[in-house]
Every structure is written in structure tokens, then in C-alpha cells.
S.K.: 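Provided herewith is a single structure, encoded as C-alpha cells, for subsequent inquiry.
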Amino acid sequence: QKEVEQNSGPLSVPEGAIASLNCTYSDRGSQSFFWYRQYSGKSPELIMFIYSNGDKEDGRFTAQLNKASQYVSLLIRDSQPSDSATYLCAVSNKIIFGKGTRLHILP
Amino acid sequence: GAGVSQSPSNKVTEKGKDVELRCDPISGHTALYWYRQRLGQGLEFLIYFQGNSAPDKSGLPSDRFSAERTGESVSTLTIQRTQQEDSAVYLCASAQSRGYEQYFGPGTRLTVT
């Protein structure tokens with residue numbers, strides 16, 4: 001089992017809808033979890049980080065963490081074309097990044 | 001404040017030459033990471049520095065790759081005898097400490113001809 005797994009996509013979501021991105025991890029001892037957004041040809045930029053079970057909201061973004069099930073997800077409400085990018089999940093105990101999910105918002 | 005900076009932004013070199021890539025982390029960040037990203041691929045961890053501790057070199061793909069960091073300042077990644085498969089974007093990131101969020105530089109695009 002890979003240490004951090006994400007569906008590579010592309011995930012196509014209509015503009016205005018909710019985009020849901022998921023990530024599973026294998027190390028039960030992981031303590032910190034991050035979501036990065038990477039536009040084509042650019043470097044990753046931090047969107048959210050979460051340390052505790054439950055939800056964390058920031059504007060249109062919500063990160064959800066379930067340590068018992070070893071998954072972390074990112075919800076993007078009211079999706080915009082500018083949200084089209086690759087989203088990387090990172091689990092920080094062992095500096096592991098997922099391969100990323102390509103998100104395409106359909107105008 | 002200033003973010004992570006990297007230089008050069010682009011580097012074209014001939015196969016067999018050595019190259020040196022530079023990273024200036026955010027001031028006060030004790031953790032510094034190097035990654036490689038090939039076209040259309042994910043991030044590949046190379047090496048990690050934390051303060052004055054011994055670096056984690058577990059991601060370096062061969063002994064042609066090495067990196068140095070003096071204290072909590074600038075880091076250089078050196079690739080000796082470059083090969084075409086070394087062509088990629090090399091990204092540097094810094095963090096307050098291990099386990100904290102990382103902030104990425106703009107990357108150095110290396111092309112080996």
C-alpha cells in the first residue's frame with residue numbers, strides 16, 4: 001500500500017458545485033495533514049492544514065480529517081474555474097506527498 | 001515578508017556537466033526540503049535539513065546528488081555529471097520546523113541536453 005494515495009483524476013465538477021477531493025494514508029502515527037494547490041507550471045501553494053479530527057473551514061474550503069479511518073478530504077464549495085488545478089495531499093510525519101488529483105471545473 | 005527564493009529560475013546544461021542550485025528559505029525557518037518534479041509527475045522527496053541535525057538524505061537518487069546547508073540559512077543542491085534523466089523542476093520548501101506547513105519556492109527548471 002502506498003503511503004499517501006489520491007485518485008489522479010481528472011475530476012470534473014460543474015461551476016458552482018462542490019468539489020470533493022480525498023486522500024488516504026497508511027501511517028497511523030501521522031499528526032499533521034496538508035492540502036496544496038498546484039497550477040500548471042507553478043510551484044505548490046498551501047491551502048489548508050489540519051491536525052485534529054473533524055472539520056476545519058476557511059472560506060470556500062473545508063478540510064476533513066478522520067484518523068480512525070486514515071483519510072483526509074478537501075471540499076471546495078461554489079467551485080470556480082480558477083479552482084482548476086492539481087491538488088496535493090501531504091502527510092507530514094514522513095514528508096510524504098500524494099501524486100495529486102487533477103481538478104477541472106466546467107464553466 | 002519575503003518568501004522562499006531559488007536561483008537560477010532556469011538552467012540549461014550539457015550532459016556530463018555539474019550544476020549547483022540555490023535555495024534561500026524564509027527567515028527563521030529551521031526545516032528545509034528539496035524535491036524533484038518531472039513533467040506531469042508528483043513531488044519526489046530528495047533531502048531534508050532540520051536545524052543543525054544530520055540531514056535526511058534518503059531520497060537522493062544517486063551519489064551524483066548532494067546538498068549542503070549552513071545552519072538555518074541558504075542551501076545548495078549539487079548534481080554532478082548531469083544526465084538527461086535529471087531534467088526536471090527542482091523545488092525547495094522551508095517550514096518553521098518538522099511537521100509544520102511547508103512554503104515552496106518558485107523552483108529551478110533544469111534541462112540537460
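Computed from a prediction, not measured in an experiment: that's the story for all the values here. Below, chains carry the letters A, B, ... as their sequence lines are ordered, and counting in each starts from 1.
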S.K.: Any donor-acceptor pair under 3.5 Å linking the side chain of B/Tyr103 with the backbone of A/Glu45?
M.R.: no

S.K.: Quick check on the hydrophobic clustering: are B/Leu43 and B/Leu60 connected, directly or via other members, by side-chain heavy-atom contacts under 4.5 Å?
M.R.: no

S.K.: Quick one: do B/Gln102 and A/Phe97 satisfy side chain to side chain contact (heavy atoms under 4.5 Å, CB included)? Show the steps, please.
M.R.: CA-CA 11 Å; B/Gln102 299 177 36; A/Phe97 278 79; 4.2 Å; yes

S.K.: Identify whether A/Ile96 and A/Leu21 are in the same connected component of the hydrophobic contact network (ILVMFWY, side-chain heavy atoms under 4.5 Å).
M.R.: yes

S.K.: Taking the side chain as everything from C-beta on, heavy atoms only, tell me whether A/Lys99 gets closer than 4.5 Å to B/Gln41.
M.R.: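 SC-SC contact between A/Lys99 and B/Gln41 ruled out.
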
S.K.: Between chain A and each of B/Gly42, B/Pro106, B/Ala93, count heavy-atom pairs under 4.5 Å; write down the option with the most.
M.R.: B/Pro106

S.K.: Is it true that, when you exclude A/Phe61 itself, more than 12 heavy atoms of the residues, nucleotides or ligands shown sit nearer than 6.0 Å to its CZ?
M.R.: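 Counting other residues, nucleotides and ligands, CZ of A/Phe61 exceeds 12 neighbours.
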
S.K.: Do A/Lys42 and B/Phe104 have side chains that approach each other closer than 4.5 Å (heavy atoms only, starting at C-beta)?
M.R.: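 With C-beta onward as the side chain, the pair stays apart.
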
S.K.: Is atom CG of B/Asn52 surrounded by more than 12 heavy atoms (other residues, nucleotides or ligands) closer than 6.0 Å?
M.R.: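 No, because the 6.0 Å sphere around CG of B/Asn52 holds 12 heavy atoms or fewer from other groups.
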
S.K.: If you count heavy-atom pairs under 4.5 Å between each of A/Tyr36, A/Tyr51, A/Phe49 and chain B, which one has the most?
M.R.: A/Tyr36

S.K.: Could you check whether atom CD of A/Glu57 has more than 12 heavy atoms from other residues, nucleotides or ligands sitting under 6.0 Å from it?
M.R.: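 Correct, the count exceeds 12.
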
S.K.: Would the number of heavy atoms belonging to other residues, nucleotides or ligands and lying under 6.0 Å from CD of B/Glu85 be above 12?
M.R.: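 For B/Glu85, atom CD is crowded (more than 12 foreign heavy atoms under 6.0 Å).
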
S.K.: Could you give the distance from OG (A/Ser43) to CD (B/Gln37), rounded to the nearest 0.5 Å?
M.R.: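 It is 9.5 Å, given to the nearest 0.5 Å.
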
S.K.: Distance-only, no hydrogens or angles: does the A/Ser32 side chain make a donor-acceptor pair with backbone N or O of B/Gly99 under 3.5 Å?
M.R.: yes

